[in-house]
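The model shown is predicted, which means the values in this text are computed figures rather than measured ones. Reckoned from all heavy atoms, side chains included, excluding hydrogens, waters and symmetry mates.
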Amino acid sequence: MANYYTDHPEIEFHLSHPLMERLVELREKGYADKDEHADAPVDYNDAIENYKKVLDITGDVAANVIAPNSEDVDLEGPHLENGRMIYASKTFENLDVTRKAGLWGISMPRRYGGLNLPNTVFSMLSEVIAAADAGFQNIWSLQSCIDTLYEFGNEEQRKKYIPRICAGETMSMDLTEPDAGSDLQRVMLKATFDEENNCWRLNGVKRFITNGDSDIHLVLARSEEGTHDGRGLSMFIYDKRDGGVDVRHIEHKLGIHGSPTCELTYKNAKAELCGSTRMGLIKYVMALMNGARLGIAAQSVGVEQEAYNEALAYAKERAQFGEKIINFPAVYDMLSRMKAKLDAGRSLLYQTARYVDIYKCLEDIARDRKLTPEERQELKRYTRLADAFTPLAKGMNSEYANQNAYDAISVHGGSGFIMEYKCQRLYRDARIFSIYEGTTQLQVVAAIRYITNGTYLSIIKEMLENTVSAELQPLKERTAALVEKLEEAINTVKEANNQCVQDFLARRLYEMTADVIMSLLILDDATRAPELFAKSANVYVRHAEAEVNAHHSFIKNFRAEDIEFYKAQEKEAEEA
């Protein structure tokens with residue numbers, strides 16, 4: 001297990017992707033910081049070495065502090081004292097060691113005290129920390145909320161808040177309310193402008209707020225009186241130093257116990273407007289949520305990895321009927337599928353992160369100068385790719401984390417049901433991943449337009465042009481056959497011309513699309529590093545075949561009237 005934290009070739013492999021050179025060049029703006037900041041890289045190779053050093057430091061911290069603390073944190077959890085949330089005692093240790101290791105302000109420019117690392121590397125660090133303790137990863141990774149303030153706040157706000165995050169202060173995004181969960185258009189926390197004190201005041205309640213008693217909050221609130229939809233919502237910055245917000249309740253959750261989930265009461269709390277009014281949900285929260293979804297994908301991959309680690313270690317040691325259980329077909333079947341999902345899911349995560357990095361870097365450059373026509377085209381391309389891939393990365397990895405955690409318990413047998421074994425905590429922790437920051441159903445909603453308008457098929461057909469090794473060519477041909485099945489299924493749904501049918505079948509189309517894309521990604525990885533990924537490529541493509549063929553058969557044989565068999569209530573009961 002410790003080897004994963006300190007020796008992670010599968011993660012470092014993704015630093016060698018062909019897109020990384022362009023990504024780093026954009027991130028470092030031609031290595032302009034090298035003359036002013038001693039820690040800034042002088043060229044591409046230097047940047048990659050810097051990334052590996054930070055990854056090694058994170059692995060060391062995860063292995064020697066965060067992972068050993070995880071059980072105590074899970075048992076103690078946070079508690080409430082006089083309207084304040086108090087972390088579990090070992091969480092304070094985790095915060096202290098990550099601050100001393102310089103693991104805050106990861107993505108922020110060096111001029112504010114940050115490390116200026118790309119999202120791809122931040123995702124790698126998130127994965128490692130999540131494997132050690134998914135609950136602490138929530139607290140630590142919410143520092144990425146500062147990206148939204150950096151993008152949409154003014155320079156005075158950047159100078160005021162970003163150095164504090166780089167020094168290790170914590171953040172939260174306060175979006176959800178008792179009557180506004182997934183439907184954020186219904187947010188009613190009230191924001192009114194205080195003319196006398198030249199500031200905004202917030203009043204109301206927020207619920208299910210992760211790390212809700214943080215130092216700096218980004219808050220979605222209704223600034224336009226009389227409005228009832230997203231157009232009346234704005235984004236605000238609340239500083240805990242100003243007071244006015246109390247923790248009313250800390251949720252008692254199934255898992256991620258170290259991560260406090262709070263209900264907050266805002267009582268005339270002083271706040272600053274971030275960006276422009278009315279853009280809170282339409283623009284700023286969408287940027288915030290897309291970043292958070294990438295973070296949950298990384299968190300999911302970390303737990304996928306740790307579940308596999310635990311299952312593999314147990315299977316190697318446990319003997320039954322005079323033989324180690326790792327030699328039983330039922331067990332190595334499970335283990336091979338766990339590893340294949342992990343490798344394919346990780347490939348999807350880092351491909352998405354690279355796409356996000358390139359378009360975010362170009363947007364940042366556009367704040368300083370006008371983009372060239374070629375750069376504008378590049379920005380358009382990678383924005384589209386990032387928008388398309390993010391719901392796949394979040395949705396599929398969160399589901400795979402749940403599946404791997406489930407299978408880890410199965411490998412452990414009865415021992416997996418005993419609280420002394422880590423796999424039960426991984427199972428409890430993983431369950432939230434497919435729920436928060438947008439359920440898998442909402443990821444399907446985000447992806448379905450790209451399925452029906454041909455965006456994914458266009459991307460897939462472009463991916464099919466990549467060359468694979470001779471050994472993997474038969475698998476590529478099998479994957480190409482799946483593309484035909486996918487296209488046929490999409491056309492069948494579109495030809496039905498029935499919105500209810502499309503909504504009902506959307507999840508199956510989503511999974512087919514993701515299966516094909518991850519098959520092509522893992523084939524590309526196995527071509528470049530067969531020693532790491534060839535086995536997973538063989539297992540994953542076979543897994544994808546079974547999934548795609550089953551969904552294809554279901555969709556081809558489905559009729560609109562079949563929906564009646566699936567409805568939870570009879571019509572008569574609905575009318576009663």
Side-chain angles (χ1 to χ4, degrees), residues 1-17 19-20 23-24 45 47-68 70 94 97-98 101-103 106 115 117-134 136-137 140-141 294-295 297-313 316 335-336 338-354 357 393 397 400-401 404-405 408 422 426 521-522 524-526 528-537 540:
M1 181 188 67
N3 279 347
Y4 163 67
Y5 298 118
T6 56
D7 181 24
H8 25 242
E10 293 93 346
I11 298 178
E12 288 194 17
F13 164 81
H14 289 282
L15 289 175
S16 67
H17 191 277
L19 275 180
M20 287 300 296
L23 185 164
V24 175
N45 290 329
I48 296 297
E49 285 307 307
N50 282 355
Y51 300 162
K52 289 179 180 178
K53 285 176 187 174
V54 177
L55 190 54
D56 287 342
I57 291 168
T58 305
D60 184 54
V61 166
N64 294 305
V65 181
I66 300 172
S70 60
N94 294 344
V97 74
T98 53
L103 298 177
I106 298 292
L115 298 181
L117 299 185
N119 277 289
T120 303
V121 179
F122 185 66
S123 296
M124 291 174 176
L125 309 185
S126 287
E127 177 190 333
V128 172
I129 289 177
D133 184 347
F136 181 70
Q137 188 265 0
W140 175 84
S141 70
L294 193 63
Q299 183 183 47
S300 298
V301 171
V303 170
E304 287 169 51
Q305 176 74 61
E306 193 68 354
Y308 174 71
N309 291 347
E310 290 295 303
L312 180 63
K316 285 179 176 179
L335 289 169
S336 65
M338 290 172 76
K339 183 65 161 62
K341 289 174 185 175
L342 164 64
D343 287 338
R346 179 182 280 132
S347 192
L348 177 60
L349 163 66
Y350 293 124
Q351 187 77 321
T352 306
R354 288 186 288 265
D357 270 321
N397 275 303
Y400 282 175
N404 275 17
K422 183 190 287 189
L426 298 173
L521 288 172
I522 196 68
D524 183 60
D525 294 348
R528 293 194 292 127
E531 72 284 2
L532 292 177
F533 303 113
K535 288 183 74 173
S536 284
Y540 193 83

Problem - Check: P118 main-chain N/O paired with Y51 side-chain donor or acceptor under 3.5 Å - result: no

Handout entry: Backbone of L103 reached by a side-chain donor or acceptor of W140 within 3.5 Å
Key = yes

Exercise for the section: Could you name each residue pair satisfying salt bridge (charged side-chain N to carboxylate O under 4.0 Å, His left out) that touches residues 53-68, not counting sequence neighbours? Expected result: none

Practice task
With sequence neighbours excluded, give me every salt bridge (charged side-chain N to carboxylate O under 4.0 Å, His left out) pair touching residues 118-134.
Solution key: E127-R346

Sequence neighbours excluded, which residues qualify as side chain to side chain donor-acceptor pair (under 3.5 Å) partners of [X]?
| X | result |
| --- | --- |
| T352 | none |
| S347 | D525 |
| N404 | none |
| D357 | N119, T120 |

Exercise for the section: Indicate whether any N or O donor in one side chain lies under 3.5 Å from an N or O acceptor in the other, for E49 and N45. Expected result: no

Under the ring pair (Phe, Tyr, Trp, His ring centres under 6.0 Å) test, which residues partner [X], sequence neighbours left out?
| X | answer |
| --- | --- |
| F533 | F13 |
| Y350 | H14 |
| Y308 | none |

Among residues at least two apart in sequence or on other chains, which ones pass side-chain contact (heavy atoms from CB on, under 4.5 Å) with [X]?
| X | answer |
| --- | --- |
| A408 | A307, A311, M338, C423 |
| A134 | I256, Q299, V303, D429, F433 |
| K316 | L312, I326 |

